[in-house]
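Have a look at the structure below before the remarks.
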Amino acid sequence: MIKIYNTLSKKKEEFKPINPPNVNMYVCGPTVYDFFHIGNSRSFIMADIIRRYLEYSGYKVKYVMNITDIDDKIIRKSIEQNKPFKEIADEYAGYFLEDSKKLKIKEADVFPRPTEHMNSIINLIKELEEKSFAYNVDGNVFYDVSKFKEYGKLSGKNIEDLISGARIEINKDKKNPLDFSLWKKAKEGEPYWESPWGNGRPGWHVECSAMSCAHLGNNFDIHAGGNDLIFPHHENEIAQSEVANGEHFVNYWLHFGFLIINNQKMSKSLGNFFTARDILKIYSAETIRLFFAQAHYSGPLNFNEELLTASQKGLEKLTNLQKKIDDEFSSETRDGIMPKLDFNKYKTDFQTAMNDDFNTPQAVAVIFDFVKDANKIIGENTNINSEFYSEIKNFLQTTAEGVLGIMDFTQKEEGDMATKEKELIELLIKLRQNAKMEKNYALADKIRDELKDIGIALEDSKDKTTYKLKVN
RNA sequence: GGCGCUGUGGCCAAGUGGUUUAAGGCGAAGCUCUGCAAAAGCUUUAUUCGUCGGUUCGAAUCCGACCGGCGCCUCCA
């Protein structure tokens with residue numbers, strides 16, 4: 001039984017899908033005017049892990065992530081660069097998909113874009129207008145927040161407090177400062193779409209309402225996004241969708257915590273961010289994913305390179321065991337003893353952890369415990385049969401690789417080194433072996449040192465010498 | 001000002017009433033292996049959970065006060 005902390009109720013609730021085994025899930029995606037940063041990728045990765053775990057648990061997930069391809073920032077960039085907005089949006093949407101793939105994030109079933117959903121959006125606004133929840137001021141259409149009695153139910157705010165807090169810019173067209181745009185009248189030179197209110201484009205919140213319902217229905221299971229979207233974005237989505245459709249909108253709201261740098265939220269406006277693209281040049285997807293999985297998705301998380309390096313070091317424990325497994329399978333199947341290891345216990349522990357509001361740090365701990373115990377057994381026994389290794393591989397493939405995405409059994413250590421280079425290294429290793437046998441340690445050490453200088457680290461073990469490519 | 005989150009070992013971070021005198025990772029120390037080294041593996045590493053009170057047979061976990069950090073209330077994952 002999976003439990004999920006629901007922002008709406010502020011409680012952990014048992015997860016009951018509307019139409020099992022189907023689960024409909026919507027995650028707020030990027031606005032494509034720039035590269036996304038590593039903080040954004042935390043949300044995308046944690047949402048991906050949640051999706052994978054639901055699938056692991058037997059659910060059939062329909063996963064939808066919007067790509068916002070029209071907004072103020074895209075327009076601003078298109079003016080700056082003197083390119084059509086569509087070109088900017090397509091360019092960065094492309095980067096987004098590329099980087100997501102590099103982060104081993106499973107593709108969404110649908111990536112809806114507002115510019116392709118204008119009819120749904122306009123119909124939704126019309127519905128709100130007919131129900132008198134929207135008003136038109138000279139081609140700008142606003143949502144009348146005072147009409148929606150439940151406004152604030154997600155964020156725990158109430159309208160009076162919000163008004164008295166009033167950091168909101170005064171807009172003379174609005175009846176109430178909290179009212180928000182549904183349809184924005186096009187200014188001179190801006191891209192526009194035709195509508196009953198004249199030429200313009202949709203407001204930000206309305207697109208998510210329209211697109212999520214278009215693909216997942218008026219009432220669906222899970223809606224996730226960053227903490228900063230709770231208010232006003234998700235609050236407004238509820239106000240729009242529930243009024244327009246007359247149905248309860250989303251059953252479970254999940255929100256992701258921020259990355260903290262030097263005690264501050266990582267954000268575009270503060271400029272204290274690293275793009276996912278740049279981080280990926282230094283750290284593997286597995287390292288980044290492990291780093292995120294080591295903290296619960298909902299809380300804030302400190303970020304700096306030392307911490308990523310710590311995760312990278314930790315990951316080596318997993319890849320070392322993986323290497324042992326790969327070596328085992330590269331030779332013939334072997335008979336031998338089948339040591340005792342309670343695979344089911346680890347599996348159960350993993351599930352228990354993940355069932356509890358996707359407690360990935362606990363799940364990671366189970367993986368590390370498992371690896372430690374497996375290593376111990378491998379170290380203590382010489383004649384282990386192949387089946388044992390296959391069980392180990394199977395466990396890690398379903399959990400560490402399949403759910404968390406912190407291992408990759410399809411990846412080989414040598415990377416894309418040419419065959420000739422590999423043979424050359426093997427040759428040097430052989431020469432060094434000979435030197436060692438002749439006790440010419442000076443030569444043996446020289447070979448090792450010089451290879452190290454060019455980034456190839458030799459490691460002697462009992463019966464053979466292996467090598468590793470060192471990044472730095 | 002309103003709402004919300006948060007304070008656990010040198011660092012990161014789970015745990016939210018007894019099975020925990022607190023998981024896991026990094027770091028550190030020791031050991032094994034080794035010509036040496038590296039790598040790897042193993043072992044050890046918090047009587048203590050921001051402070052002070054209270055509730056309880058029992059609290060990191062519940063309550064109160066206080067101190068500190070962060071976020072949202074404006075675009076933001």
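Just so you know, these numbers use all the heavy atoms, side chains as well, and skip hydrogens, waters and symmetry mates. In what follows, chains are A, B, ... by sequence order, proteins preceding strands, each numbered from 1.
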Checklist outcome for this item: B:G27 -> Watson-Crick or G-U wobble partner, both distances under 3.5 Å, gives B:U45
Checklist entry - Rounded to the Å, how far apart are A:Lys452 NZ and B:A37 C1'? => result 9 Å
Item to check | Most 5' of A:Lys439 and A:Asp356 on RNA chain B, judged by nearest nucleotide | outcome: A:Asp356
Next on the checklist: Determine whether the aromatic ring centres of residues A:Phe142 and A:Phe180 are separated by less than 6.0 angstrom.
Outcome noted: no
Checklist entry - Any side-chain N or O of A:Lys265 less than 4.0 Å from the OP1 or OP2 oxygen of B:C72? => result yes
Next on the checklist: Any donor-acceptor pair, under 3.5 Å, between the side chain of A:Asn320 and the base of B:G41, if you only look at N and O atoms?
Outcome noted: no
Checklist entry - Within this structure, what is the CG-to-C1' distance between A:Leu178 and B:C3, rounded to whole angstrom? => result 14 Å
Item to check | Side chains of A:Glu237 and A:Ser209, donor plus acceptor under 3.5 Å | outcome: no
Next on the checklist: Rounding to an integer number of Å, can you tell me how far A:His233 NE2 sits from B:G71 P?
Outcome noted: 21 Å
Item to check | A:Lys436 side chain, from C-beta outward: closest of B:A13, B:G35, B:G25 | outcome: B:G35
Checklist entry - Hey, are A:Thr465 and A:Asp460 close enough side-chain-wise for a donor-acceptor pair under 3.5 Å? => result yes
Checklist entry - Within the stacking criterion (centroid distance below 5.5 Å, interplanar angle below 30°), does A:Tyr441 stack on B:G35? => result yes
Checklist entry - Taking the same atom, P, in B:G9 and in B:A60, what whole-Å distance lies between them? => result 15 Å
Checklist entry - Name the one of A:Phe231, A:Phe249, A:Trp253 that satisfies side chain to side chain contact (heavy atoms under 4.5 Å, CB included) with A:Leu154? => result A:Trp253
Checklist entry - Do A:Asp71 side-chain and B:C75 base share a donor-acceptor contact under 3.5 Å? => result no
Checklist entry - Mind checking who B:G71 pairs with, Watson-Crick or G-U wobble, both distances under 3.5 Å? => result B:C3
Next on the checklist: So, OP1 or OP2 of B:C5: does either fall under 4.0 Å of a side-chain N or O from A:Lys10?
Outcome noted: no
Checklist entry - Across the strands shown, which category fits A:Thr31 at heavy-atom distances under 4.0 angstrom: base, sugar-phosphate, nothing? => result nothing
Checklist outcome for this item: Closest of B:C11, B:A37, B:G35 to the A:Asp460 side chain is B:A37
Checklist entry - Can you check the A:Glu207 CD to B:C75 P distance for me, whole Å? => result 13 Å
Checklist entry - So, for A:Phe96 and A:Phe36, is the gap between ring centers shorter than 6.0 Å? => result yes
Next on the checklist: Rounded to whole Å, how long is the line connecting atom CD1 of A:Ile325 with atom P of B:A40?
Outcome noted: 16 Å
Checklist entry - Do the side-chain N or O atoms of A:Lys376 get closer than 4.0 angstrom to the phosphate oxygens (OP1, OP2) of B:U43? => result yes
Next on the checklist: I need the NE2-C1' distance between A:His255 and B:C5, as an integer number of Å.
Outcome noted: 14 Å
Next on the checklist: Under 3.5 Å, is there any donor-acceptor pair linking the side chain of A:Lys157 to the base of B:C72?
Outcome noted: yes
Checklist entry - What integer distance in Å separates A:Leu301:CG from B:A14:P? => result 8 Å
Next on the checklist: Can you check the distance between B:C12 and B:C70, where both ends of the measurement are the P atom (answer in whole Å)?
Outcome noted: 15 Å
Next on the checklist: When you measure only distances, ignoring hydrogens and angles, does the side chain of A:Arg448 come within 3.5 Å of the base of B:A38 through a donor and an acceptor?
Outcome noted: no
Checklist entry - Using a cut-off of less than 4.0 Å, is there contact between a side-chain N or O of A:Asn359 and OP1 or OP2 of B:G15? => result yes
Checklist entry - Can you tell me how far C1' in B:C66 sits from the matching atom in B:G7, rounded to whole Å? => result 14 Å
Next on the checklist: My understanding is that a pair needs two contacts under 3.5 Å, Watson-Crick or G-U wobble. By that rule, which nucleotide pairs with B:C57?
Outcome noted: B:G18
Item to check | Short side-chain to backbone donor-acceptor contact, A:Arg289 and A:Ile45, under 3.5 Å | outcome: no
Item to check | Contacting residues from residues 268-279 of chain A, given that a heavy atom lies under 4.0 angstrom of RNA chain B | outcome: none
Item to check | B:A13 - base-pair partner by Watson-Crick or wobble geometry, distances under 3.5 Å | outcome: none
Item to check | Any strand: nucleotide that pairs with B:G35 via Watson-Crick or wobble, under 3.5 Å | outcome: none
Item to check | A:Phe395-A:Phe343 aromatic ring centre distance below 6.0 Å | outcome: no
Next on the checklist: Distance check, P atoms only: B:U8 and B:U51, in whole angstrom units.
Outcome noted: 10 Å
Checklist entry - Using the P atom in both, what is the distance from B:G50 to B:C11, to the nearest Å? => result 14 Å
Next on the checklist: Please report whether the ring centroid of A:Phe370 lies less than 6.0 Å from that of A:Phe350.
Outcome noted: no
Checklist entry - Hey, are A:Glu150 and A:Lys153 close enough for a salt bridge, meaning a charged N less than 4.0 Å from a carboxylate O? => result yes
Next on the checklist: Taking the nucleotide of RNA chain B with the nearest heavy atom to each, does A:Asn375 or A:Ile230 sit closer to the 5' end?
Outcome noted: A:Asn375
Next on the checklist: So, OP1 or OP2 of B:G24: does either fall under 4.0 Å of a side-chain N or O from A:Lys372?
Outcome noted: no
Checklist entry - How long is the line joining CG of A:Asp228 and C1' of B:G4, in whole Å? => result 13 Å
Next on the checklist: Given the structure, check if the side chain of A:Arg76 and the base of B:C75 hold any donor-acceptor pair shorter than 3.5 Å.
Outcome noted: no
Item to check | Any donor-acceptor N/O pair, A:Asn140 side chain to A:Lys185 backbone, under 3.5 Å | outcome: yes
